[in-house]
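Structure, as structure tokens:
A note on names: the letters A, B, ... follow the listed sequences, proteins ahead of strands, and every chain is numbered from 1. Every value quoted in this text rests on a predicted model; they were computed, and no experiment measured them.
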Amino acid sequence: MIFAVVAVAILGIGNRWGSRVFLVASVGPLAALVWAVSAASRVGNGDLPTESWTWVSSLGLIIDFRADWFSILMALLISVVGIGVFLYAVSYFENSRDVARIASALVMFAGAMFGLVISDNLLLLFVFWELTSLLSYVLIGSNEEKPGARVAALHALLVTGSGGLAMLAGFILIGESADTYSLSAIVHNPPSGMVVNVAVLLVALGAFTKSAQVPFHGWLPRAMEAPTPVSAYLHSATMVKAGVFLVARFAEPFSDTTPFGPVVVVVGCASMILGGWRALRQHDLKLLLAFGTISQLGLMMVLFGSGKEKLAIAGCVLLIAHAAYKSSLFLVVGIIDHQTHTRDIRRLGMLGRKWPVVAGVAVAAAASMAGVPPFLGFLSKELAFYGFLDWSEPSGLIVLCVVAVASAFTVAYSARFVWGAFFSVRSGRAVLDPPVSTPSPNAWFALSPLVLASLGLVLGVLPLLLESLVSGSVKSLGFEVPTIHLALWGGFNAALALSALVLVAGAWMFVGRRAIERIQARFEGVPSSVGVYDATVRGVLALSGRVTAITQSGSLRVYVAVLVLTMVALPSIPLAMNGWPGSWPSLVDSPIQAVIGIIMITAAAAAAVFHRRFASVIALSVVGYGMAALFVVQGAPDLALTQVLVETLGTVAFVLVIRHLPEKFVVAKSRGNAAAIAVSVAVAVFVFWFALSARTVSETAGPEAVVATQVESTESERGPAVEERTVSEEYLERSKPEAHGSNVVNVILVDFRGLDTLGEITVLFVAAIGIVGLIRFGARRSKDRTEVDQEVVDS
Amino acid sequence: MTTLVALVVAMLYGIGVYMILQRSLIRIVLGLSLLSHGANLLLLTSGGSAGVAAFIGRFTGDDKVVDPVPQAFVLTAIVISFAMTAFCLALAYRSWRLTGNDDVAQDEEDVRLAEMIATRNGKP
């Protein structure tokens with residue numbers, strides 16, 4: 001709630017306050033922090049704060065919030081990192097435009113993320129999930145002048161959005177088989193079966209796209225187009241952890257009965273290795289961190305996805321550690337970028353001497369990332385190794401090896417980051433570049449990364465502070481664990497040896513980085529995730545272009561022909577199923593009908609054949625007068641009268657218009673003519689058949705047989721059974737006594753169906769207005785108008 | 001409905017469709033007129049074959065009275081199709097004033113797209 005208010009307020013304040021709106025914005029996460037702390041005290045006393053409103057009960061959509069330790073852990077991450085990022089953004093966006101938009105989107109994002117971690121209803125969770133995707137789109141693309149940013153934003157939205165849809169499908173399957181959408185109830189009492197297996201894999205797919213796991217990782221490095229505070233907040237500390245959050249929630253209940261666990265572990269391992277490997281060759285500091293994030297998220301996936309309580313402990317610690325060090329590293333990159341306008345480590349270096357504080361922050365954070373004692377990162381890695389060594393199955397050993405290799409990569413790219421940015425001496429080719437100016441950042445700018453990085457140190461030295469939080473989180477994920485004791489020093493054991501080995505290996509890789517770069521150069525040709533995505537998008541666009549080119553030729557004639565053929569083809573199916581009507585009706589009612597009919601057909605054909613406009617129009621009016629004659633024969637004098645009037649007016653109107661046009665039509669010997677003839681023959685055949693079929697219907701069950709007898713009886717007595725009468729009979733019967741008119745057709749028009757006639761007059765009036773508008777710039781405005789007005793009077 | 005009337009209706013429809021598939025706007029308007037004639041005739045005669053007009057007092061019990069309801073429909077339809085014809089005529093007139101001809105132009109956007117695709121396929 002508070003988030004929404006703050007976001008709106010920021011939009012209201014607008015750009016007048018400049019980047020200081022971020023101070024206002026930090027009220028949002030501050031409120032979340034207060035809430036989280038107060039909730040933590042309540043949860044500590046054993047009661048889970050819940051809130052619930054029913055939204056759409058028929059869909060099981062209940063706004064259901066529930067806070068357990070794990071939610072609080074996530075909420076703390078969101079609020080603490082959020083405050084840090086907002087304070088930092090005050091300096092970062094100092095001279096930018098459109099600050100208010102970014103600020104309000106960031107606050108809304110914080111709100112959505114907060115809602116995501118505390119919602120207890122799967123559908124509600126999905127709503128928040130998609131909200132974060134959308135806001136991520138807005139934030140990545142916030143610099144609308146950079147085409148790269150727009151492409152990156154779309155990439156992120158498409159990938160995470162489609163993953164979210166898969167996840168929604170999974171949620172619905174799970175919700176239907178569990179008969180509830182409450183997350184806590186499902187986790188407490190998980191459903192099982194084939195449907196659930198599919199469902200959890202769909203959910204895992206959503207988590208993978210959100211957390212940028214292989215093979216969907218391509219969007220995350222691209223998203224580095226976003227302003228750095230956004231990258232720090234969304235793409236390292238919080239949003240990408242939503243996938244991890246979901247996996248953590250689902251791991252314990254589903255890892256035994258479904259393929260959820262193995263799939264998550266395999267994907268996580270692949271992401272770890274690939275992310276670390278790619279991070280080793282990046283020159284852009286942000287990209288380096290982005291691939292590092294992919295790798296670290298992979299590790300978290302493995303830790304939580306395995307469904308083992310010790311690994312889950314390590315996962316919780318890593319969540320905290322990663323949020324602290326990765327966001328501070330991003331903020332450091334932001335400082336570098338903001339001050340020097342480059343993030344390329346080939347151009348940077350030697351910054352350490354100029355900015356000792358920033359360099360210190362970076363070293364501390366990178367050391368935590370690499371797992372150097374006494375930082376929190378070391379503790380999480382230690383716990384992870386400890387947990388893996390406990391994994392008795394042989395697969396555990398393989399995973400352990402993968403984790404060790406990936407950790408070595410992590411060490412190597414951490415070193416590369418610090419060295420490249422702060423200590424390396426620029427060499428060779430880079431000297432050719434213009435030297436980078438390095439104005440020092442002010443103290444405020446460096447405050448947030450400093451605080452965040454020192455969190456890693458403080459918590460690493462005093463892990464006691466985390467004990468209740470972590471053990472509570474692991475418990476609320478469904479694991480049964482005794483109270484955990486976190487300690488930096490676990491004694492000399494295998495885990496410590498592994499940590500040391502990893503550090504040494506990483507250092508060796510860093511020293512031998514030239515050789516590694518050479519090896520990596522050989523893999524240039526391997527298709528990347530970004531390449532696959534781009535090719536897919538291009539393919540879809542080309543396909544739609546081709547389809548459009550085929551279906552939309554741009555010719556009105558083709559469209560009309562397609563419409564007409566559809567109109568013929570679809571009703572032909574029931575007609576054909578009914579078969580031939582059986583008998584032919586009598587040829588003509590009277591000889592005169594035959595004469596009129598032949599004249600009309602001839603005239604219609606003539607209208608089509610003539611090339612002179614005038615002749616065509618005359619032929620058309622012959623058809624029209626023929627119609628009037630047929631009406632007379634049919635027994636419809638009113639129609640005949642109207643037809644004659646209308647035809648006369650119509651002919652006059654035609655003549656008035658074609659007077660201005662060239663005498664002849666443009667004779668186009670286009671190849672479409674044969675097709676037009678074919679279409680019209682098809683239509684003619686269809687209509688003939690249809691008319692004959694309609695005849696059999698009307699003459700077997702139609703009104704007029706009954707009408708004759710009915711009228712007879714009307715005059716002698718009241719009609720027999722009411723239900724047998726048709727509308728026509730009613731009209732015939734009531735016309736005289738109720739409407740005092742003997743011409744039944746007229747009575748219907750002006751009395752029984754008077755409103756219809758009113759509508760008809762309205763149509764005429766609208767047409768008249770349209771005609772006046774179209775002709776207005778012409779010379780004959782008044783004339784046309786009189787004609788139509790007169791027709792209104794006639795009808 | 002007699003066979004001959006069915007034939008007339010069919011011919012009106014067929015020729016009408018042929019006309020609206022032409023490029024000249026005036027011919028399209030003529031085609032629309034023919035189509036509406038055909039529709040009116042079909043509607044009317046599907047109510048039954050010829051008979052005595054439905055004037056109360058003009059027929060006796062033995063006469064075959066025509067159904068008044070289709071007639072009322074058709075009367076409305078005649079007037080409305082006249083309004084439409086007049087409107088289309090005004091459109092054709094306007095088009096002629098603006099472009100100097102009364103041809104239906106191709107949709108430029110679609111044509112350009114088709115050309116774009118064609119050139120891309122030609123030069124991959």
Side-chain angles (χ1 to χ4, degrees), chain A residues 545 549 552 554-557 564 584-589 597 600-601 604 608 620 627 633-637 639 642 646 653 657 661 665 668 676 680 683-684 687-688 691-692 694-695 698 702-704 707 712 727-728 731 735-736 742-745 748-749 760 763-764 767 770-771 774-775 795, chain B residues 1-4 6 8-15 17-21 23-24 26 30 33-34 37 42 46 48-57 61 64-69 71-72 74-76 78-80 82-83 85-87 89-90 93-94 96 104 106-107 110-111 113-114 117:
Chain A
Q552 303 217 356
S555 161
L556 182 66
R557 305 166 67 196
V564 167
W584 290 85
S586 57
L587 185 63
V588 284
D589 285 329
M600 280 177 70
I601 293 174
L620 178 74
M627 288 285 288
V633 174
Q634 183 76 13
L639 295 194
T642 317
V646 161
V657 169
L661 295 174
F665 295 116
S680 32
V683 171
V687 170
F688 187 62
L692 289 179
R695 190 267 316 178
S698 70
E704 96 275 44
V707 169
E712 195 179 351
V727 180
S728 311
Y731 285 154
S735 178
K736 187 78 180 177
S742 50
N743 183 341
V744 183
V745 175
I748 291 175
L749 280 175
E760 171 197 339
V763 171
L764 276 179
I771 291 168
L774 285 168
I775 306 286
S795 86
Chain B
M1 176 74 67
T2 62
T3 309
L4 180 95
V8 173
V9 170
M11 288 306 288
L12 286 175
Y13 264 94
I15 296 172
V17 167
Y18 172 75
M19 298 277 273
I20 63 171
L21 289 176
R23 287 178 72 171
S24 161
I26 292 290
L30 289 173
S33 285
L34 287 177
H37 283 327
L42 179 61
S46 63
S49 44
V52 180
F55 286 0
I56 306 287
K64 192 175 176 207
V65 184
V66 290
D67 193 342
V69 175
Q71 289 197 18
V74 171
L75 207 139
T76 309
I78 289 173
V79 177
I80 288 187
F82 167 73
T85 308
F87 188 77
L89 267 177
Y93 174 73
R94 183 110 188 106
W96 181 79
V104 180
Q106 302 259 311
D107 188 327
D110 287 340
V111 172
L113 181 73
I117 299 285

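In this structure, chain A has a heavy atom under 4.5 Å from the side chain of B:T85, while its backbone stays farther away. With a 4.5 Å cut-off on non-hydrogen atoms, A:L639 touches chain B through its backbone and its side chain both. The contact between B:L89 and chain A is made by backbone and side chain atoms together, counting heavy-atom distances below 4.5 Å.
The two atoms that bring A:S680 and B:G14 nearest to each other are CB-O, 3.0 Å, heavy atoms only. The nearest pair of heavy atoms linking A:L764 to B:A83 is CD2-CB, 3.2 Å. Nearest heavy atom pair, residue A:F688 against residue B:T3, reads CE1-O, 3.9 Å. Shortest non-hydrogen contact noted between A:A608 and B:Y18 is CB-CD2, 4.1 Å. In terms of heavy-atom proximity, B:H37 sits nearest to A:M627 at O-CE, 3.2 Å. Summarising the geometry of A:L774 relative to B:A90, their closest heavy-atom pair is CD1-CB, 3.8 Å, with the distance given to 0.1 Å.
When the side chain to side chain contact (heavy atoms under 4.5 Å, CB included) test is applied to B:M11, the partners found at least two apart in sequence or on another chain are A:I601, B:I15. Legend: residues meeting ring pair (Phe, Tyr, Trp, His ring centres under 6.0 Å) with A:Y731, ordered by chain and number and at least two apart, are A:F752.
With B:Q71 contributing its side chain and A:V744 its backbone, the two residues share no donor-acceptor pair below 3.5 Å.
Separating the OG1 atom in A:T642 from the CD1 atom in B:I78 is a distance of 5.5 Å, to the nearest 0.5 Å. Rounding to the nearest 0.5 Å places OH of B:Y93 at 6.0 Å from CD1 of A:I775.
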Q | Stepwise side-chain contact (heavy atoms from CB on, under 4.5 Å) check, A:M600 with B:L12 | A | CA-CA 9 Å; A:M600 280 177 70; B:L12 286 175; 4.0 Å; yes

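Chosen from B:L34, B:L30, B:I20, the residue pairing most often with chain A at heavy-atom distances under 4.5 Å is B:L30. Options A:I748, A:V763, A:V564 differ in how many heavy-atom pairs under 4.5 Å they form with chain B, and the most are formed by A:I748.
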